[in-house]
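Along the sequence shown, residues carry numbers from 1.
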Amino acid sequence: MSSPTTQWPQILDRYVQEVAKDDKENHPRKTVRRYHGRDVSLWMGKVHVDDVDGWVENTRLKHYLRRWQSRNSEPLLLPTTDDIYDIMVEADEEEQTEAKKPFHLDRLAQNIVRNQIQEPVVIHVRNDGKTVLWDGNRRFFATKHLMRSEAYQNARKQGQWLPAYVYEASGDPELDKETEHKILTELNFIEKDHIPWPSYVKASEVHQSYLALVANDNSPTQQRKAKEQVARDYGLGSSRRADRWIKMFDLAQRFKSYCENEQERDEVEVELKIQEKFEYFDELTKAGVWGAIRDDVDAQYEVFEWLWDDKFLAFPDVRYVPKILADPVARRQANTPDDVDAVKRAIRTVIANDPLMIKDKEAANEKIKQFAQWLDSFKREDFRQLDADSLTSLRTILSDVTQMLSGLLERSSANMEA
């Protein structure tokens, strides 16, 4: 809604009145931006941070919002802008690793002080005059942080003004909804200028759109068309990428159901774990791995526990799942509780026991190390439990090996002295 005395939206007028009244170069101006194939007419100017409400329905905030609602025993309670700020600050403070902080408010505030905001936020002015923040939640709340934290007192005079693109209501709610989708897709699925939505959040959006397209017709033909459609709608490049995210999201929901129903874990903690580990579901859905656990629920649950306990230290570890499950010793090792290296040890066992690698030097070394550690763990009482044939075989083998090793080690020592 435009101000009665100006041509631009009222939310942009405060900067003009308080800062740029006689500076027409900095007055709001019309511009056209292209978002995901659509030209969108916008006003470009500056808004005061206190005149904008945070985006309550922000997808990135969803998991932390649920926890906040649970704490307040009000599952439908909507937070104020200040509540959202507190939620985001807490989420950042909980994560000690800088790269894993979900919102990076303090880092963004520091960047705003040094470089100002380079990418304007996007605000929608509805027909009733209410303003809605469509994009730029983190930039907006980083500015809030700048205004709230004592560390940034000297930067507040300039930092209080947010550069913004303002989209006025067209009078057609469906058109406005489509425009919002185009803008969010371009800024959070495609552009790389600021941190995009996490993959799990993106996949959730894609999955929801896909289900709507196949709701009345779930035939293979319609599934293919639906994947092609969501790939176009979200700028994914190809239906194969859409198919990948749909499969990953489906398996993530199976993981979620197991954690919440079988293990009675907190819903919010499960959602956060999925967001953290989402790329691992890509490896788990690949034919070689999924084929080994698809029809074995117990195996699925074991692998889900390995994922929950952070036992997969890298994506390639997941590819060993079929071999670990097929090897009783490796499987027991992987299931060792409270041991983040359990799967890595199981992988070493699988490599050592692989018939195709028996003559491989690396595999032989690994196998010998494991046998030596295992044998060294035996006490006299353990040997007493072995039968006579096993003891005789062990003595014969160890005697032969000892003689061979003595000769090898003597020659090795002589060569080194020479």
Side-chain angles (χ1 to χ4, degrees), residues 3 6 8-29 43-58 60-61 63-65 67-68 71-72 78-125 130-166 187-188 193-196:
S3 167
T6 63
W8 49 76
Q10 190 170 357
I11 193 172
L12 295 171
D13 200 45
R14 181 171 175 178
Y15 181 76
V16 175
Q17 299 302 320
E18 296 184 17
V19 179
K21 193 167 186 177
D22 298 321
D23 182 6
K24 295 189 181 298
E25 288 295 319
N26 283 310
H27 283 193
R29 59 184 175 84
W43 282 98
M44 184 177 181
K46 291 191 176 181
V47 300
H48 195 278
V49 65
D50 290 341
D51 293 339
V52 182
D53 288 329
W55 185 13
V56 175
E57 296 182 3
N58 182 287
R60 195 195 297 267
L61 277 170
H63 312 303
Y64 302 96
L65 177 58
R67 181 173 64 179
W68 178 84
R71 288 176 180 172
N72 286 277
L78 294 180
T80 64
T81 297
D82 287 340
D83 289 331
I84 297 175
Y85 169 76
D86 291 337
I87 290 169
M88 296 172 80
V89 168
E90 180 185 24
D92 276 350
E93 290 177 346
E94 286 177 344
E95 179 53 65
Q96 298 302 311
T97 304
E98 180 64 28
K100 292 184 177 180
K101 291 184 184 295
F103 302 108
H104 298 281
L105 290 191
D106 195 63
R107 189 182 76 184
L108 279 172
Q110 293 177 31
N111 188 58
I112 290 170
V113 171
R114 289 193 300 267
N115 306 309
Q116 302 182 22
I117 293 178
Q118 301 300 309
E119 179 68 22
V121 300
V122 181
I123 296 170
H124 173 45
V125 179
K130 181 176 174 59
T131 59
V132 180
L133 183 63
W134 271 0
D135 185 74
N137 219 47
R138 291 169 61 256
R139 279 162 282 161
F140 167 72
F141 280 103
T143 304
K144 276 284 186 186
H145 186 59
L146 187 151
M147 301 299 290
R148 293 269 294 268
S149 173
E150 293 299 320
Y152 302 108
Q153 283 190 38
N154 295 334
R156 290 175 182 172
K157 183 176 181 180
Q158 184 174 1
Q160 63 188 313
W161 301 105
L162 282 162
Y165 291 124
V166 179
L187 295 177
N188 292 288
D193 292 340
H194 58 279
I195 298 175

Between the main-chain N or O of Ile117 and the side-chain N or O of Arg139, is there a donor-acceptor pair closer than 3.5 Å? no

Closest contact, heavy atoms only, Gly159 versus Thr143: O-CG2, 3.1 Å

Partners passing side chain to side chain donor-acceptor pair (under 3.5 Å) against Glu18 (at least two apart in sequence or in another chain): Arg14

Check this for me, if you would: do Asp86 and Arg148 make a salt bridge, where the nitrogen-to-carboxylate-oxygen distance has to be below 4.0 angstrom? yes

Test item: Asp135 and Val121 side chains (from C-beta on) under 4.5 Å apart, heavy atoms: no

Hey, mind stepping through Thr131 and Asp51 against side-chain contact (heavy atoms from CB on, under 4.5 Å) and telling me if it holds? CA-CA 9 Å; Thr131 59; Asp51 293 339; over 6 Å; no

Euclidean distance, His145 NE2 relative to Gln110 CD, rounded to 0.5 Å: 8.0 Å

Electrostatic pair Asp50:Lys144 at N-O distance under 4.0 angstrom: yes

Output for pair (Asp22 CG, Glu25 CD), nearest 0.5 Å, gives 13.0 Å

Rounded to the nearest 0.5 Å, how far does CE of Met88 lie from CG of Asn137? 5.5 Å

Taking Glu95 for the side chain and Asp92 for the main chain, is one N or O donor matched with an acceptor at less than 3.5 Å? no

Distance (rounded to the nearest 0.5 Å) between Phe141 CZ and Leu133 CG: 8.0 Å

Nearest atoms (heavy-atom pairs only) where Ile123 meets Ala164: CD1-CB, 4.1 Å

What's the shortest heavy-atom distance between Thr81 and Val52, and which atoms? OG1-O, 4.4 Å

When rounded to the nearest 0.5 Å, the distance separating CD of Glu94 from OH of Tyr64 is 7.5 Å

Do the charged groups of Asp53 and Lys130 touch, with an N to O distance under 4.0 Å? yes

Listing request: all ring pair (Phe, Tyr, Trp, His ring centres under 6.0 Å) pairs with a residue in residues 9-28, at least two apart in sequence or in separate chains. Trp8-His27, Tyr15-Trp161

Do you know which two heavy atoms are closest between Ile84 and Pro79, and how far apart they sit? CG1-CG, 3.7 Å

First locate atom NZ of Lys101, then atom CG of Leu108, and finally report the distance between them rounded to the nearest 0.5 Å. 12.5 Å

Looking at Asn115, I want to see if its CG is surrounded by more than 12 non-hydrogen atoms of other residues, nucleotides or ligands under 6.0 Å. yes

Shortest non-hydrogen pair, Ile112 vs Ala142, comes out as CD1-CB, 3.9 Å

Between Arg156 and Ser149, the two heavy atoms sitting closest are NH2-O, 2.8 Å

With no hydrogens and no angle check, is any side-chain donor or acceptor of Asp83 less than 3.5 Å from a backbone partner on Thr80? yes

